[in-house]
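In what follows, a structure is listed as structure tokens, so that the remarks can point back to it.
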Amino acid sequence: MTLEITNPVKKYDVIVVGGGPAGVAAAVASARLGADTLIIESATALGGMATVGMVSRLTTLSDGNKILYHSLTTEIMDRYMKEAGVEPDFKGRIPLITEDLKVVLDDIVSEAGARILFQSTVCAVEKDGENISCVIVANKAGLTPYKAHVYVDATGDGDVAYFAGVPYEKGDEEGDLQPASLCFALSNVHSENKKGSLNGGKDTVWSEIGRDPKYPLVRNHFVPVHVGNGTIFANAGHLDGVDSTDPESVSDAYIKGRKIAKEYLEAVKEYIPEVFGQDAIVVATAPMLGVRESRRMEAEYQLTVRDYIERKSFDDEVCRNHNWLDCHTKKGKVSPYKLDPDQKYKDGDSHGIPWRCLVPKKVDNLILSGRCIWNDRGVFSSTRVMPNCFSTGEAAGIAAALAVKKSCGVHALDAKEILSHIKK
Ligand SMILES: Cc1cc2nc3c(=O)[nH]c(=O)nc-3n(C[C@H](O)[C@H](O)[C@H](O)COP(=O)(O)OP(=O)(O)OC[C@H]3O[C@@H](n4cnc5c(N)ncnc54)[C@H](O)[C@@H]3O)c2cc1C
């Protein structure tokens with residue numbers, strides 16, 4: 001069967017695919033440098049896991065001694081915190097009131113001059129040699145080709161790079177990926193999660209609940225964030241064996257994720273009744289599955305755990321990361337990424353993330369950003385957090401706009417010039 005695409009081609013300077021932290025920053029940075037920019041998003045809001053996925057907390061912007069992220073990441077978060085009236089918690093982590101953040105992201109992207117296209121999914125690319133000649137967008141208008149000088153892949157899963165034939169790695173040697181989680185919100189909660197007192201973990205009430213045969217789906221993973229008015233958002237429960245690039249696997253995960261949320265509710269009502277009274281309810285489950293890990297796309301440089309341990313700096317680094325190695329595992333498996341005490345980060349420790357991790361080897365009009373940049377699996381478990389995604393997105397957007405200005409491919413760009421646009 002040959003499919004004929006009859007919708008006329010739409011043209012932009014820069015097309016950003018995916019509107020999560022990386023895509024938002026890419027679109028803002030690109031548009032502010034004067035490029036005619038489009039951001040294409042499958043969901044109905046910007047923010048990706050930060051909003052639609054209901055991951056309710058941005059990892060700290062600090063290395064414990066000083067703020068690491070000065071540029072767009074800080075600008076966006078400052079504006080959001082002012083709008084939502086929230087402050088970082090005792091560890092510098094920023095609670096995310098999703099509806100406030102959605103509006104701030106809509107505004108900041110629109111004010112920069114980028115066009116937003118919601119409920120639209122890039123489902124294929126056409127190529128001209130190694131380069132992308134257009135992306136094919138599926139939405140209510142049918143299939144439409146969108147053409148740009150440069151494309152930014154901010155899909156988390158590296159969809160655009162994958163469709164363009166960029167090689168990738170996924171999971172460990174057995175193909176196991178970090179479990180997914182379907183985040184959810186509980187309301188009618190009678191207390192805050194003061195200093196993490198309700199958090200899961202070993203030797204907490206969660207280990208006891210995990211052993212209770214009434215709650216087979218509950219694990220000792222429970223990270224609740226109080227978002228006001230007796231409501232908490234919970235990043236809780238593990239969905240093993242989910243492959244976010246396999247639609248059937250994702251569909252099964254939503255079905256099971258909703259059951260997990262209900263089971264957590266019953267468990268907290270029984271075990272922590274002083275906080276979760278009989279009137280507590282699951283008020284929402286996230287419309288976007290929480291995917292920790294999928295494709296890591298090959299690029300000019302692969303960041304490694306060795307780089308992490310050595311606190312490596314790079315001439316072309318776009319940001320620095322302080323987060324710990326946080327590899328969630330399926331039941332019965334333990335993380336292979338255990339560091340010696342002197343290898344673990346203390347306050348003030350960090351490593352760089354080079355521009356080259358964003359540049360796929362052969363394709364000259366595509367830039368990676370966010371979760372799909374070229375890391376080994378170990379360091380990926382650390383760099384996947386949102387501040388790094390915002391920052392790599394910003395660098396990708398700057399680079400894309402510069403490539404438009406200079407009418408060149410991304411490999412010809414001077415990293416120093418890209419970095420000169422990132423406020424330190
Ligand atoms: C359960 C969980 C808990 C986490 N906890 C934290 C935490 O506490 N703090 C922290 O900082 N980080 C946390 N993270 C990590 C962080 O949320 C993600 O790694 C980060 O959001 C990735 O950003 P991104 O922009 O690369 O991708 P995403 O946030 O995944 O956004 C990608 C966007 O692209 C869109 N998209 C995908 N494919 C297509 C396509 N083909 N066409 C059009 N649009 C497409 C999606 O709809 C989505 O909006 C957590 C992650 C998970 C899963």
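Counting convention: from 1, in listed order, for ligands and their atoms alike. No hydrogens, no waters, no symmetry mates; every other heavy atom, side chains included, goes into these values. Worth saying up front: this structure is predicted, and the values here are computed from it rather than measured.
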Counting neighbours of NZ on K11 that are heavy atoms of other residues, nucleotides or ligands and sit closer than 6.0 Å, is the number greater than 12? no
If you count every heavy atom of other residues, nucleotides or ligands that lies below 6.0 Å from K127 atom NZ, does the total exceed 12? yes
What I want to know is whether [X] and ligand 1 share at least one N or O pair that is separated by under 3.5 angstrom.
{"X": "G290", "result": "no"}
{"X": "T121", "result": "no"}
{"X": "T59", "result": "yes"}
{"X": "G47", "result": "no"}

For residues Y337 and W324, establish whether the separation of their ring centroids is below 6.0 Å. no
What about the rings of F184 and F233, do their centers lie closer together than 6.0 Å? no
Give me the nearest non-hydrogen protein atom to [atom] as residue plus atom name, then the distance to 0.1 Å.
{"atom": "atom 46 (C) of ligand 1", "value": "E41 OE2, 3.5 Å"}
{"atom": "atom 29 (O) of ligand 1", "value": "M49 N, 3.0 Å"}
{"atom": "atom 31 (O) of ligand 1", "value": "G20 CA, 3.4 Å"}
{"atom": "atom 19 (O) of ligand 1", "value": "R384 O, 2.6 Å"}
{"atom": "atom 23 (O) of ligand 1", "value": "C389 SG, 3.5 Å"}
{"atom": "atom 37 (C) of ligand 1", "value": "T155 O, 3.4 Å"}
{"atom": "atom 45 (C) of ligand 1", "value": "S42 OG, 3.3 Å"}
{"atom": "atom 42 (N) of ligand 1", "value": "V122 N, 3.0 Å"}

Please name the pair of heavy atoms, one in L96 and one in V55, separated by the smallest distance, quoted to 0.1 Å. CD1-O, 3.4 Å
Below 4.5 Å, heavy atoms only, C-beta onward: do K338 and L325 meet side chain to side chain? no
How about I272 and L198: do any of their side-chain heavy atoms sit closer than 4.5 Å? yes
Going by the order shown, which atoms of ligand 1 are within less than 4.0 Å of some heavy atom of [X]?
{"X": "G19", "answer": "33 (C), 34 (O)"}
{"X": "S120", "answer": "43 (C)"}
{"X": "M288", "answer": "46 (C), 47 (O), 48 (C), 49 (O)"}
{"X": "V17", "answer": "42 (N), 43 (C)"}
{"X": "A22", "answer": "25 (O)"}
{"X": "P387", "answer": "11 (O)"}
{"X": "I40", "answer": "43 (C), 44 (N)"}
{"X": "D159", "answer": "38 (N), 39 (C), 40 (C), 41 (N)"}

Where's the contact between [X] and ligand 1, heavy-atom distance under 4.0 Å: side chain, backbone, both or neither?
{"X": "A50", "value": "neither"}
{"X": "V55", "value": "side chain"}
{"X": "S56", "value": "neither"}
{"X": "R93", "value": "neither"}

Partner of S181 under side-chain hydrogen bond (donor to acceptor under 3.5 Å, both in side chains), picked from H328, H238, R292, is R292
Option among W206, Y215, Y271 that satisfies the ring-ring contact (aromatic ring centres under 6.0 Å, His included) test with F222: W206
Knowing that exactly one of R296, K170, R371 qualifies, which makes a salt bridge (Lys or Arg N to Asp or Glu O under 4.0 Å) with D157? R371
Under the criterion side chain to side chain donor-acceptor pair (under 3.5 Å), I'd like the reasoning laid out for D349 against Y308: C-alpha separation, chi angles, the key distance, then a yes or no. CA-CA 10 Å; D349 288 341; Y308 182 96; over 6 Å; no
With a cutoff of 4.0 Å, is G393 in contact with ligand 1, counting heavy atoms of the residue only? no
Are V291 and ligand 1 in contact, using a heavy-atom cut-off of under 4.0 Å? yes
Side chain to side chain donor-acceptor pair (under 3.5 Å) with S56: which residues, sequence neighbours excluded? none
Do D316 and R356 meet the salt-bridge criterion of a basic N to acidic O distance under 4.0 Å? yes
Quiz question: by atom type and distance under 3.5 Å, do the side chains of T73 and S391 form a donor-acceptor pair? yes
Between D89 and K91, is there a donor-acceptor pair closer than 3.5 Å when you use the side chain of the first and the backbone of the second? yes
